[in-house]
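These notes are about the structure you will find just below.
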Amino acid sequence: MGIPSGPGAFPSLRWSAAFCSSSADIDTGSTSGLRGISRGVCGSWLGNNCSMIVLSTVGFLSLAILNTLCKEFLHANVTAILYMMNYESYGRSTASAQYFLQLAGYLGIPVISWNADNSGLERRASQSALQLQLAPSIEHQSAAMLSILERYKWHQFSVVTSQIAGHDDFVQAVREQVGAMDHFKFTILNSIIVTRPSDLLELVNSEARVMLLYCTKSEAIEILHAAEELQITGENYVWVVTQSVIENTQTHPQFPIGMLGVHFDTSSGALVNEIATAIRVYAYGVEYYLNDVKNTGRRLDTHQLSCEDQGRGRWDSGEVFFKYLRNVSLESESNKPNIEFTADGDLKSAELKIMNLRPSVNSKGLVWEEIGIWKSWQQQKLDIRDIAWPGNSHTPPQGVPEKFHLKITFLEEAPYINLSPADPVSGKCLMDRGVLCRVAADHEMTDIDMGQAHKNGSFYQCCSGFCIDLLEKFAEELGFTYELVRVEDGKWGTLENGKWNGLIHELVNRKTDMVLTSLMINAEREAVVDFSEPFMETGIAIVVAKRTGIISPTAFLEPFDTASWMLVGIFAIQAATFMIFLFEWLSPSGYDMKTVLQNGQTTPYRFSLFRTYWLVWAVLFQAAVHVDSPRGFTSRFMTNVWAMFAVVFLAIYTANLAAFMITREEFHEFTGLDDSRLSHPFSHKPTIKFGTIPWSHTDSTISKYFKEMHYYMKQYNRSSVADGVTAVLSGQLDAFIYDGTVLDYLVQQDEDCRLLTVGQWYAMTGYGLAFSRNSKYVGMFNKRLLEFRANGDLERLRRFWMTGTCRPGKQEHKSSDPLALEQFLSAFLLLMAGILLAALLLLLEHLYFKYFRKRLAKKDRGGCCALISLSMGKSLTFRGAVYEATEILRRHRCNDPICDTHLWKVKHELDMSRLRNQHLEKTMQIHGIKPPQPKLGSTNKIIRIAGTTGARDLIDDGYQQPNLFGNLSIGGSSQDLYRWSYKTEIAEMETVL
């Protein structure tokens with residue numbers, strides 16, 4: 001689209017643009033030169049419709065700037081401000097520009113600017129949302145500086161600034177550029193604001209070798225002078241500076257050779273060219289605004305604006321007009337993209353010169369020389385030629401600290417450092433065996449052939465483990481070489497007789513540069529050496545061994561708790577027994593408490609309380625034994641209910657019994673070091689055997705806080721962790737106390753999974769790298785440790801080295817092993833308890849028959865004992881006496897003929913009595929008389945009568961003998977009498993309790 005030119009292009013409108021500028025090259029005493037230039041350019045593009053106010057801002061005070069905006073600009077109907085400056089003093093002029101642009105933003109007037117010091121403007125403080133910047137921004141400068149670093153593979157750098165206005169924006173711009181780059185990884189080591197020379201000490205103690213400097217030229221002179229004194233401007237250090245340091249390309253003797261910088265032309269010629277560009281942008285913006293149908297009838301008018309209370313305080317159409325200005329696209333020179341703006345008003349495409357401070361060809365001094373160009377729109381943005389490097393070197397610096405060598409002392413401890421022999425042929429370590437490390441003392445290495453020493457395991461071995469992998473990462477990142485040497489006395493470092501031993505002794509006496517192993521951080525050690533950030537947390541833990549125990553003697557009771565067993569044993573069984581017995585007693589067809597025989601019965605109905613118990617227990621345990629069933633319907637129904645209960649109970653019991661009838665793994669479950677069995681070992685019997693490694697952190701901690709424990713455990717201490725764990729597995733020790741992470745690793749390595757850590761960790765701390773006091777290496781290692789933790793490297797190393805072969809539930813092969821006696825000992829214990837209880841009952845039975853039966857027979861006239869136990873009731877009746885007599889007869893053996901004669905006589909009389917009794921019964925039946933029921937007398941009386949008067953006297957005395965003797969013949973022997981007794985009483989004796 002063309003730009004109208006010449007008078008009459010827009011005859012009905014007139015616009016005004018305020019042109020503010022200052023230049024060191026154009027007459028600063030008057031603005032006639034700038035007025036002529038600006039009006040000439042404005043007239044050539046807008047003809048007579050352009051009104052231009054040219055104003056110089058040099059030396060303006062804040063009040064003068066305010067009066068200029070409010071009185072001159074607003075009255076002249078200013079619709080845009082062209083702000084053009086090439087001053088780079090970054091002093092009052094920059095502050096004036098800051099204030100001027102801020103006021104313009106408040107009034108809502110668009111600003112088209114080109115100021116060389118735009119990087120010095122605080123955007124957050126004076127951000128004018130209506131400002132277009134034609135000069136390269138601070139973002140362009142930071143991007144160009146990072147392109148130089150990327151070109152020479154400088155991955156890490158520091159940012160150094162003064163308190164210049166806009167320094168926060170520069171740091172933020174660098175960080176955003178670094179975060180947006182995916183193809184190249186940058187690391188910002190430091191970000192320093194220099195207010196005094198000592199602030200640069202942070203650079204001395206860091207790894208920074210490349211510095212990005214943003215400040216004014218005068219401030220750069222002071223900063224670089226302090227840097228030279230601190231020796232950070234030599235050939236290994238690169239300083240890359242911004243436009244604000246280079247300014248007009250005049251050098252200063254304090255600037256070191258080889259400095260690099262970014263620069264754009266700020267001469268008066270460049271300023272004049274940018275004036276034409278600014279007016280073209282303004283002209284295009286006006287045209288776009290007027291040609292848009294949305295703005296029909298809307299004029300660009302600021303007459304009603306006022307800085308006072310009257311009128312409007314902000315131009316409403318300013319934001320709308322600014323959008324048209326921002327969308328302008330101007331054709332540029334050949335091979336350059338169009339001039340366009342971002343949403344923030346910055347140039348989309350910028351070009352910067354790459355400058356190098358190098359010796360002058362024509363003089364002895366140093367000059368800034370252009371060595372390349374940075375173009376933001378090209379894929380290969382940077383085009384650079386030969387550079388004079390710092391120190392007048394011919395090769396670029398590495399950008400990282402120069403190689404350095406460290407002597408590193410260690411003490412092996414799995415999994416942090418493991419020792420294994422080197423290859424005996426080559427004397428080298430295989431890929432999976434780590435790196436060579438010296439295990440011999442310094443005095444043993446004199447006059448030794450190193451080639452042969454590497455093959456000798458007494459001098460060198462291979463070190464591997466968590467710490468070795470971590471060391472390799474440090475060496476790769478920091479670029480150093482190292483020698484690994486084992487500590488001579490093999491101790492960790494504790495105070496012994498007021499002096500440090502072991503690893504700490506080596507650092508305190510500066511015999512080594514660094515200690516790398518599982519060295520725990522504590523207050524005593526920190527007082528004499530410097531520790532890095534912890535690379536792993538740990539504490540003091542306790543390891544014990546699982547031991548295969550026997551099945552609990554009460555395992556068969558454990559499916560139910562105590563309350564459940566009491567409910568079953570005391571309530572359920574007793575309630576069921578008494579309910580069945582009661583229902584049978586009250587039932588019409590059941591037991592009615594009569595002790596006499598029913599009609600037609602030769603034996604009484606047999607059901608008692610003990611037999612009810614027998615029935616209940618037999619149903620509960622489903623025993624295949626003979627039991628008497630109740631006759632009553634209600635009692636039988638109750639028996640079935642009990643049987644249903646028994647089915648449910650046994651189903652639940654057997655389902656859970658298998659879980660408890662297994663071999664149990666027993667171990668000492670301590671709560672921690674403060675467990676009373678450990679902290680006060682002499683107060684418990686038997687005492688617990690436990691120990692640790694002497695002269696370790698664990699040992700010193702226990703000696704400090706648990707003196708009684710420390711004194712006791714000395715006899716059980718072991719020289720190494722492996723010895724301690726072996727002692728725990730073999731049963732020589734009950735527990736071993738040591739670092740938690742080491743014990744966790746050993747637990748994981750136990751293939752049988754017999755080890756486990758118990759209790760809470762005590763004295764939580766961490767493992768760290770140890771350095772001599774005030775070592776210069778602490779900072780660089782700390783920084784790398786934090787990076788390794790942030791990117792997950794430490795976690796990956798931990799997962800790799802801390803896993804083992806133990807897997808819970810892995811011991812499936814043991815399920816088919818035969819059971820040992822101790823694994824089902826509870827069954828034998830139960831049987832033994834039953835035998836002892838049966839022996840006790842046998843003793844009670846003998847005591848009953850010998851001492852209590854006679855007395856009980858005199859008192860039990862109603863047969864109440866038979867309600868409890870039929871066998872007890874029978875022992876008190878005639879039938880019981882007869883049974884006892886037959887047993888006596890069966891076992892009796894006569895020793896002379898007279899005894900045999902008397903015995904035969906008694907048997908004969910009994911037979912005759914039986915025959916006479918049968919004859920009398922037949923006679924009575926012939927006469928129609930029913931024989932009376934047999935009437936049983938007391939046991940003592942029957943036995944007395946039978947023994948003194950014989951059977952005939954029994955009949956004469958009124959006793960009628962029932963048919964008790966079966967088919968006993970007159971001439972029967974004692975064996976026949978026994979058989980008769982057995983046949984008549986066998987039914988009753990089956991269920992005797």
Side-chain angles (χ1 to χ4, degrees), residues 24 85-91 93-94 115-122 135-149 154 157-171 173-174 190-195 197 199-200 203 208 210-228 230 232-233 237-267 270 350 352-358 360 365-374 384 387-390:
M85 290 185 63
N86 66 345
Y87 262 68
E88 298 180 80
S89 60
Y90 296 89
S93 63
T94 302
N115 52 314
D117 62 350
N118 74 87
S119 60
L121 302 178
E122 294 254 0
S137 64
I138 193 65
E139 284 79 8
H140 292 129
Q141 295 188 50
S142 62
M145 297 167 82
L146 292 177
S147 294
I148 299 174
L149 272 60
W154 296 331
F157 62 92
S158 293
V159 179
V160 182
T161 69
S162 66
Q163 289 183 314
I164 180 177
H167 66 275
D168 288 335
D169 295 323
F170 175 74
V171 175
V174 172
N190 311 88
S191 180
I192 305 172
I193 301 176
V194 180
T195 58
D199 293 333
L200 293 176
L203 293 178
V210 179
M211 274 69 68
L212 305 187
L213 178 61
Y214 173 64
C215 61
T216 64
K217 186 175 182 178
S218 58
E219 291 170 338
I221 295 172
E222 297 178 1
I223 291 174
L224 291 171
H225 175 70
E228 182 181 7
L230 295 174
I232 53 176
T233 59
Y237 295 85
V238 181
W239 291 82
V240 185
V241 300
T242 59
Q243 165 75 24
S244 59
V245 176
I246 299 177
E247 285 189 1
N248 54 10
T249 68
Q250 293 181 0
T251 63
H252 189 277
Q254 194 60 58
F255 289 177
I257 187 175
M259 286 179 62
L260 298 173
V262 293
H263 177 67
F264 59 92
D265 190 3
T266 59
S267 63
L352 291 170
K353 299 177 182 179
I354 306 301
M355 310 297 290
N356 180 217
L357 189 62
R358 58 197 306 161
S360 174
L366 300 177
V367 295
W368 286 106
E369 182 177 328
E370 180 182 343
I371 59 171
I373 298 176
W374 179 83
I384 200 167
I387 298 177
W389 296 109

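Counting from 1, the numbers follow the sequence of the chain as shown. Note: hydrogens, waters and symmetry copies are ignored here, and every other heavy atom, side chains too, is used.
Interatomic distance, CG of Leu224 versus NE2 of His252, reported as 10.5 Å (0.5 Å rounding). Here the straight-line distance linking atom CD of Glu219 with atom CD of Gln163 works out to 8.5 Å at 0.5 Å rounding. Taken from NE2 in His225 to CG in Leu200, the straight-line distance is 11.5 Å, to the nearest 0.5 Å. Here the straight-line distance linking atom CD of Glu370 with atom CG of Leu352 works out to 10.5 Å at 0.5 Å rounding. To the nearest 0.5 Å, the span separating CD1 on Ile164 from OH on Tyr214 amounts to 4.0 Å. Between Ile223 atom CD1 and Leu203 atom CG the span is 10.0 Å, to the nearest 0.5 Å.
Summarising the geometry of Trp368 relative to Gly261, their closest heavy-atom pair is CZ3-N, 4.3 Å, with the distance given to 0.1 Å. In terms of heavy atoms, Glu247 sits closest to Ser244 at CG-O, 3.4 Å. In terms of heavy atoms, Thr233 sits closest to Glu228 at OG1-CA, 3.5 Å. Here the closest non-hydrogen pair linking Ile193 and Asp199 is O-OD2, 3.5 Å. Here the shortest heavy-atom pairing between Phe170 and Ser142 reads CE1-CB, 4.3 Å. Shown here for Ile232 and Trp239, the closest heavy-atom pair between the two residues is O-NE1, 3.1 Å.
Under the 4.5 Å side-chain criterion, counting only non-hydrogen atoms from C-beta, Thr216 is not in contact with Val245. Annotation: side chain of Ile148 is not in contact with side chain of Val238 (no heavy-atom distance under 4.5 Å). Contact check for Ile246 versus Val241: side-chain heavy atoms found under the 4.5 Å cut-off.
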| field | Stepwise side chain to side chain contact (heavy atoms under 4.5 Å, CB included) test for Ile371 and Leu260 | value | CA-CA 10 Å; Ile371 59 171; Leu260 298 173; 4.1 Å; yes
| task | In sequence, state the C-alpha distance, the side-chain angles, and the governing distance for Leu366 and Met259, and then conclude on side chain to side chain contact (heavy atoms under 4.5 Å, CB included). | result | CA-CA 10 Å; Leu366 300 177; Met259 286 179 62; over 6 Å; no
| Stepwise, does the side chain to side chain contact (heavy atoms under 4.5 Å, CB included) test hold for Leu213 with Thr242? | CA-CA 7 Å; Leu213 178 61; Thr242 59; over 6 Å; no
| task | Go through the steps for Ile221 and Phe255 under the test side chain to side chain contact (heavy atoms under 4.5 Å, CB included), then give the verdict. | result | CA-CA 7 Å; Ile221 295 172; Phe255 289 177; 3.8 Å; yes
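Remark: the backbone N or O of Ala388 is paired with a side-chain donor or acceptor of Asn356 at under 3.5 angstrom. In this structure, Gln141 contributes its side chain and Gln243 its backbone to a donor-acceptor pair below 3.5 Å.
Note: Trp374 and His140 have tilted aromatic rings, judged against thresholds of 30 and 60 degrees for the angle between ring planes.
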